[in-house]
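For the numbers below, each heavy atom of this structure counts, side chains included, while hydrogens, waters and symmetry mates do not. Proteins get letters first, then strands, A, B, ... in listed order; numbering begins at 1 in each.
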Amino acid sequence: MTTNDSTDFIRSIIAEDLKANKNDGRVVTRFPPEPNGYLHIGHAKSICLNFSIAEEHEGGICNLRFDDTNPSKEEIEYIESIKEDVKWLGFDWQDRLYYASDYFEQMYEYAGQLIKAGAAYVDDQSADQIRLTRGTLTEPGIESPFRDRGVEENMDLFRRMRAGEFPNGAKVLRAKINMSHPNLNMRDPVMYRILHTAHHRTEDKWCIYPMYDWAHGIEDSIEGITHSICTLEFEDHRPLYDWFLDRLGVYHPRQIEFARLNLSYTVMSKRKLLGLVKEGNVTGWDDPRMPTISGLRRRGFTPEAIRNFCDKIGVAKRDSMVDMALLEHCIREDLNKRAPRMMAVLRPLKVVIDNYPDNHVEELDAVNNPEDLGAGVRKVPFSRVIYIEQDDFREDPPKKYYRLAPGREVRLRYAYFITCTGVVKGEKGDVAEIHCTYDPATRGGDAPDGRKVQGTLHWVSAGHAINAEVRLYDRLFTVENPAAAKDEADYRSLINPDALQVLRGCMLEPGLGAVKPGAIVQFERMGYFVSDTVDTRPGSPVFNRTVTLKDTWAKIEKAQVRQQDSRGAKGKEKPVKPGSGPEPVVEEVTIDDFSKIDLRAGVIREAGLVEGANKLIRVMVDLGEGRLRQIFAGIRQAYPEPEKLVGKQVMVVANLKPRQMKFGLSEGMILAGAGKDKLGVATFDGQLSPGDKVS
RNA sequence: UGGGGUGUCGUCAAGCGGUAAGACACGGGCCUUUGGAGUCCGCAUUCGGAGGUUCGAAUCCUCCCACCCCAGCCA
């Protein structure tokens, strides 16, 4: 029942308009970036929306238009990058590349019309005065003393503004609407300001520049846009958009707003992105950690994956935060089908196969892509000394570890079964190299006797390996929503220091020496990688990790570590070594933002000991919800007879994720503290009822 | 305390008065020469809350609550 006949609200509106025969059946959209920064994945959503909608309709078109109305912020560099990115995503504006600045003369003339109609006036007030007299959210503004100038005087002044007779800020042209309007945007908004700044296209032809609200509708109107799609924050501006167009009596497109994209573990604001670039937290707009189109491209993302992602996230009006895991899913899905498989050892561990003849080399067949047999096979050299991944050997393997360990047999992919016979230690007790024997009968990786091994490892022949630098990229921030940080300083402290890990001395199979910059491959078992387009040099390859493969073992191991931790100090065994980098193991309390803690008054109705837990007591708390909440609290030490807690008023953190404990679900947390010498619950004296907010 | 929006699974998101799609994530099984891929199963008795209308409500009405945006001569 659910095929793709459901669609987003914007397409529905367009379909209805078409049905009602508006715009003579035309569908014209536009993507209108301001050239003051690089495009990011959020823009991709808008680009896909606008261009795809046009493509979906017979004769539909989408223009690329630079909204270059503010010369002090805009640069040619950005124009070029934006054009490149839109093209790379696979969209074509054909010959319809426009600039707001192309319409400056027309806008000027329209402004004159409004002045003549008594709908606009030149105001001599300073920016400060205008701000002060705009009123507030709840109080109306005050009309400017210059508001009732005559038409002739206004026309004269406006002409002289253009002629350059006044300095920056001396005068503005304002629309004469209503200083008491509840919508602030309608309180005589500024249409033109004086800016003695050269424009990157019109150069010094103009010293007055139109404001967005005045300009945008005119641009849309001139281009015959039918549906002007923009983001939610412009919803308040729509009445103004409509007002200008109605006053002018010109063709009037329909503005529709949708929610911009937010992606977890990154930021999307141009200002923040620019900050990262300027402060050197990243190497540039195209740093592979950046959510920019150019960064994603350099990271190894494909246009197909990004477009598919934009399809999957949908279009709606509610503020949302899309999980980075979805983007990662999209790129894996795409690359799984097309990326050739190769072997690369990122953190090499030397393996000597003692019973393999010295100086002997074999060429073994390897499948290029199991998902696409048409991709063929290749030869990889095998010899007595090879490298495997350090992570693929453990002297003391934990449970469920399928890889190599002393005495264990594993398969080397496309090669032989090998059995570990010895470990050579370095000075610090580290594993310097290992020794193995191989079974010649298992050539190619199959045992004729049918015996099985649990693990299959990738490897590279030491004598044939290519030395390379590999850059491991990860999420830019350590928290889901870095933009929610209270201030700039701690937003910067949220940058993930491990978002880039540079590995040198990585060992690649020989064929990898020949791939071209920009080529995408899968390093078997490690992830998808792209040959870096900027730093790769002949003879010294650099690869960027796009995304890891899904890693079931990492998940198991993480769970093991967690279990170890929660067993606490009594088990004294060292936790198994984490597979890759330090994982923040924070499981006690799960709440995104402590400022959002929901502290409520509660009354303990039942309390008792917990069998098999010497620190816990179980309480049932009344939060005025019509049912009692079960909470486990580690305060038995202070209340050996928990029954005495019954009837006590306590403070409960009510919006924690319920936590499944061995004994049952714990639905909150009771505030308790260690006083001078004793632990106790925090209580209060006030007249609060169960469920009342305390915070 | 003004105006404009939005609230459906952990995260996105369908649904438009006929009894809660799908995707990601998560958990489990099968399969496997990538612990990859694939595949199968599970995952909202309930739609911010409370009332009301109706045979029937996520969908209609009323009130309430929460969150987002707006006081640039930025876009």
Would you check if Lys400(A) and Gln560(A) make a side-chain contact, meaning some heavy-atom pair closer than 4.5 Å? yes

For a quick check under 3.5 Å, do His200(A) and Glu75(A) share a side-chain donor-acceptor pair by atom type? no

Nucleotide N/O to protein N/O under 3.5 Å, stretch nucleotides 70-72 of chain B:
from	atom 1	to	atom 2	distance (Å)
A71(B)	O2'	Arg134(A)	NE	3.3
G72(B)	OP2	Arg134(A)	NH2	3.4

Output a table of nitrogen or oxygen pairs between the protein and nucleotides 25-32 of chain B separated by less than 3.5 Å.
from	atom 1	to	atom 2	distance (Å)
C26(B)	OP1	Lys555(A)	NZ	3.4

Using a 4.0 Å heavy-atom cut-off, does Leu412(A) contact any base of the nucleic acid, only the sugar-phosphate backbone, or nothing at all? nothing

Are Phe158(A) and Tyr192(A) close enough that their ring centers fall under 6.0 Å? yes

Touch check for Glu524(A), heavy atoms < 4.0 angstrom, all strands: base, sugar-phosphate only, or nothing? base

On the side chain of Arg403(A), is there an atom forming a donor-acceptor pair with the base of G35(B) - under 3.5 Å, no angle test? yes

Measure from the side-chain N and O atoms of Glu557(A) to the backbone N and O of Trp553(A), and report whether any donor-acceptor pair falls under 3.5 Å. no

Once you apply a heavy-atom cut-off of 4.0 Å, does Val315(A) come out as touching a base, just sugar-phosphate, or nothing? sugar-phosphate

Under 30°, 30 to 60°, or over 60°: which ring-plane class applies to Phe523(A) and Phe529(A), parallel, tilted or perpendicular? parallel

Working for side chain to side chain contact (heavy atoms under 4.5 Å, CB included), residues Tyr38(A) and Tyr78(A): CA-CA 6 Å; Tyr38(A) 278 62; Tyr78(A) 297 130; 3.7 Å; yes

Among U6(B), C12(B), G36(B), the one nearest any side-chain atom of Met321(A) is C12(B)

What nucleic acid atoms does Ser126(A) come within less than 4.0 Å of, heavy atoms only: base, sugar-phosphate, or nothing? base

Ring centroids only, cut at 6.0 angstrom: are His216(A) and Tyr212(A) within range, meaning strictly under it? yes

Donor-acceptor pair under 3.5 Å: do we get one between Arg318(A)'s side chain and the base of U8(B)? yes

Proximity to the side chain of Leu549(A) - top-ranked nucleotide from C12(B), G36(B), C68(B): G36(B)

